[in-house]
Amino acid sequence: MDKQGLLYKYFSNQLSDKDRLHFEELLLTDSEFRAAFDYEKGLKLAIKKSQSEKLKSKLASFEKEIQSKKITRHRKSKVYSWSIAASIAILIGVSWFGYNTFSNPNYNELFDTNYEPYPNTVHLITRGEAHLSEEKKAFIAYESGHYKEAVSLFSTLDQNLNYLDLYMGISYLNIDDTEKAIELFRKAETKDHEFKEAANWYLALAYLKNNDEQRAKTVLEKQILKYEFKKIEASELLMLLQ
Amino acid sequence: MKYSAIKVKERKLHITLEDLKTGSDTVLKQVYNDNRAKFLNFARRYSLSEEENIDVYQDAYIIFYENIMNGKVEGFTSSISTYLFGIGKHLIFDRIKKNKRLLHSEFELTMIGEEDQIINSLEIEEEALTSEQELLKHYFETLGKKCQDLLTYFYYRGYTIQEIMIAENYNSENVVKAAKSRCMKTLRERIQAKDD
């Protein structure tokens with residue numbers, strides 16, 4: 001059998017015992033054959049990796065769905081206990097206090113309830129990779145919550161990358177440089193790419209963090225009218241601010 | 001094939017090997033959701049965090065799925081959860097070794113009976129790619145869908161040319177062979193072009 005035929009049989013799991021002996025002998029003696037085998041074997045591993053990365057991101061999306069259902073349940077129960085607390089408050093007649101809290105929402109609390117970092121949708125990070133690009137390093141820092149490091153790594157990348165303003169903005173938001181974050185979200189929002197919807201939402205949160213209720217409201221209204229991302233959350237938040 | 005695709009639209013009580021092999025996302029999700037709580041509960045016995053346990057669950061699931069796709073699992077001799085627990089235990093053990101954390105008791109990680117046999121029959125170790133293989137992966141992902149599918153059938157699932165012909169509705173084996181050579185050629189050319 002020719003060498004190509006042997007390789008074919010190997011990869012489609014059809015080598016007979018006799019073939020296998022011949023195959024193994026060639027691997028040892030014929031360097032050209034060995035190179036061809038290594039190449040195809042490498043391709044097999046590469047495809048396997050590519051498949052498992054795809055699978056991992058699918059599983060991550062199932063997981064996200066499960067987690068978000070949990071959060072909704074959690075929120076509902078929060079609303080429920082809050083309504084009990086509110087009735088008690090009214091019953092014992094501290095209506096003045098109640099009036100005051102409702103008319104001056106606590107922006108920090110609203111921010112905390114609504115804020116969660118935007119997931120890394122750019123680079124799938126897998127363990128055990130030999131060579132990490134600067135880009136991957138930046139996302140590893142971002143995902144592990146080392147935002148200061150993430151900012152400095154993101155700064156080294158090509159500033160025209162479409163996702164950069166969003167992820168850098170969120171990193172700044174986490175190290176309390178809200179002004180810088182606002183600047184970046186606004187910049188991201190003016191560009192035409194998939195990250196602008198998210199950038200607008202985080203812009204609203206950043207204004208909230210800055211106690212700038214008026215701007216937060218305007219941006220939230222825009223979110224509800226123009227975008228799908230976090231639309232429901234945006235309208236809930238807007239209602240609380242009215 | 002069509003019949004099982006219709007069947008899986010609704011929630012199924014018993015997922016078969018064939019259901020999983022179709023590659024349907026609905027089945028993938030159902031099996032993920034059905035076994036998740038059980039697995040996490042089991043994994044909590046060991047010293048990893050909840051986040052790590054979820055990660056291990058996903059890795060175990062991927063390995064299980066890969067072994068179905070490459071034909072290492074030819075029929076279910078145990079329930080799906082037994083496979084997942086067996087692989088999961090192995091992965092947890094690996095992580096604990098890496099983290100050099102102490103176990104509550106050595107006994108807990110000794111594998112017994114069924115699970116032990118499962119591990120022996122599967123392909124579990126995931127090797128890190130060399131830089132050449134990373135390149136192959138990168139340029140493989142730039143190929144058109146038809147090429148990616150064809151090469152995936154051959155190298156990942158171990159299909160013969162004839163099986164690919166049937167699965168992908170090619171007219172003859174020669175057409176498949178020619179297509180495969182073309183895809184391989186494109187791949188080589190793209191890798192070479194990067195150095196030019």
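Note that the structure is a prediction, hence the values are computed from the model and not measured. Reminder, nothing fancy here: chain letters follow the sequence lines and each chain counts from 1.
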>> For Tyr8(A) and Phe154(B), I'd like to know if the aromatic rings sit close, meaning centre-to-centre distance below 6.0 Å.
In response: yes

> Is it the side chain or the backbone of Leu151(B) that comes within 4.5 Å of chain A heavy atoms, both, or neither?
Replying inline: both

> Who wins among Glu63(A), Lys44(A), Lys48(A) for the most heavy-atom pairs under 4.5 Å with chain B?
Replying inline: Glu63(A)

> Do Tyr46(B) and Glu52(B) have side-chain atoms, one donor and one acceptor, less than 3.5 Å apart?
Replying inline: no

> Looking at Tyr170(B), does the NZ or CZ of Lys146(B) lie under 6.0 angstrom from its six-membered ring centre and within 45 degrees of the ring axis?
Replying inline: yes

> Taking the six-membered ring for Trp, is the centroid-to-centroid distance between Phe139(A) and Phe154(A) below 6.0 Å?
Replying inline: yes

> Under a 4.5 Å heavy-atom cutoff, which of His138(B), Gln133(B), Glu163(B), Arg157(B) has the most pairs with chain A?
Replying inline: Gln133(B)

> What option among Met69(B), Arg36(B), Glu66(B) has the most heavy-atom pairs under 4.5 Å with chain A?
Replying inline: Arg36(B)

> What part of Tyr65(B) gets closer than 4.5 Å to chain A, counting heavy atoms only: side chain, backbone, both or neither?
Replying inline: side chain

> Do Ser12(A) and Gln14(A) get their side chains close enough for a donor-acceptor pair, meaning under 3.5 Å?
Replying inline: yes

> Do Lys54(A) and Glu141(B) meet the salt-bridge criterion of a basic N to acidic O distance under 4.0 Å?
Replying inline: no

> Is the centre of the Phe229(A) ring less than 6.0 Å from the centre of the Tyr118(A) ring?
Replying inline: yes

>> For the residue pair Thr82(B) / Ser79(B), report whether a side-chain donor-acceptor contact shorter than 3.5 Å exists.
In response: yes

> So which heavy atom on Leu173(A) is nearest to which on Ala181(A), and how close?
Replying inline: N-CB, 3.9 Å

>> Ignoring hydrogens and geometry beyond distance, is a side-chain donor-acceptor pair present between Glu132(B) and Tyr39(A) at under 3.5 Å?
In response: no

> Could you name the residues of residues 176-188 of chain B that have a heavy atom within less than 4.5 Å of a heavy atom in chain A?
Replying inline: Met184(B), Leu187(B), Arg188(B)

> Would one find more than 12 heavy atoms of other residues, nucleotides or ligands at under 6.0 Å from atom CD of Glu50(B)?
Replying inline: yes

> When only heavy atoms count and the cut-off is under 4.5 Å, which of residues 19-38 of chain A reach chain B?
Replying inline: none

> Is it the backbone or the side chain of Ile54(B) that comes under 4.5 Å from a heavy atom of chain A, or both, or neither?
Replying inline: side chain

> Are Ser171(A) and Asn174(A) linked by a side-chain donor-acceptor pair shorter than 3.5 Å?
Replying inline: no

> Relative to chain A, which segment of Gln148(B) carries a heavy atom at a distance below 4.5 Å: side chain, backbone, both, or neither?
Replying inline: side chain

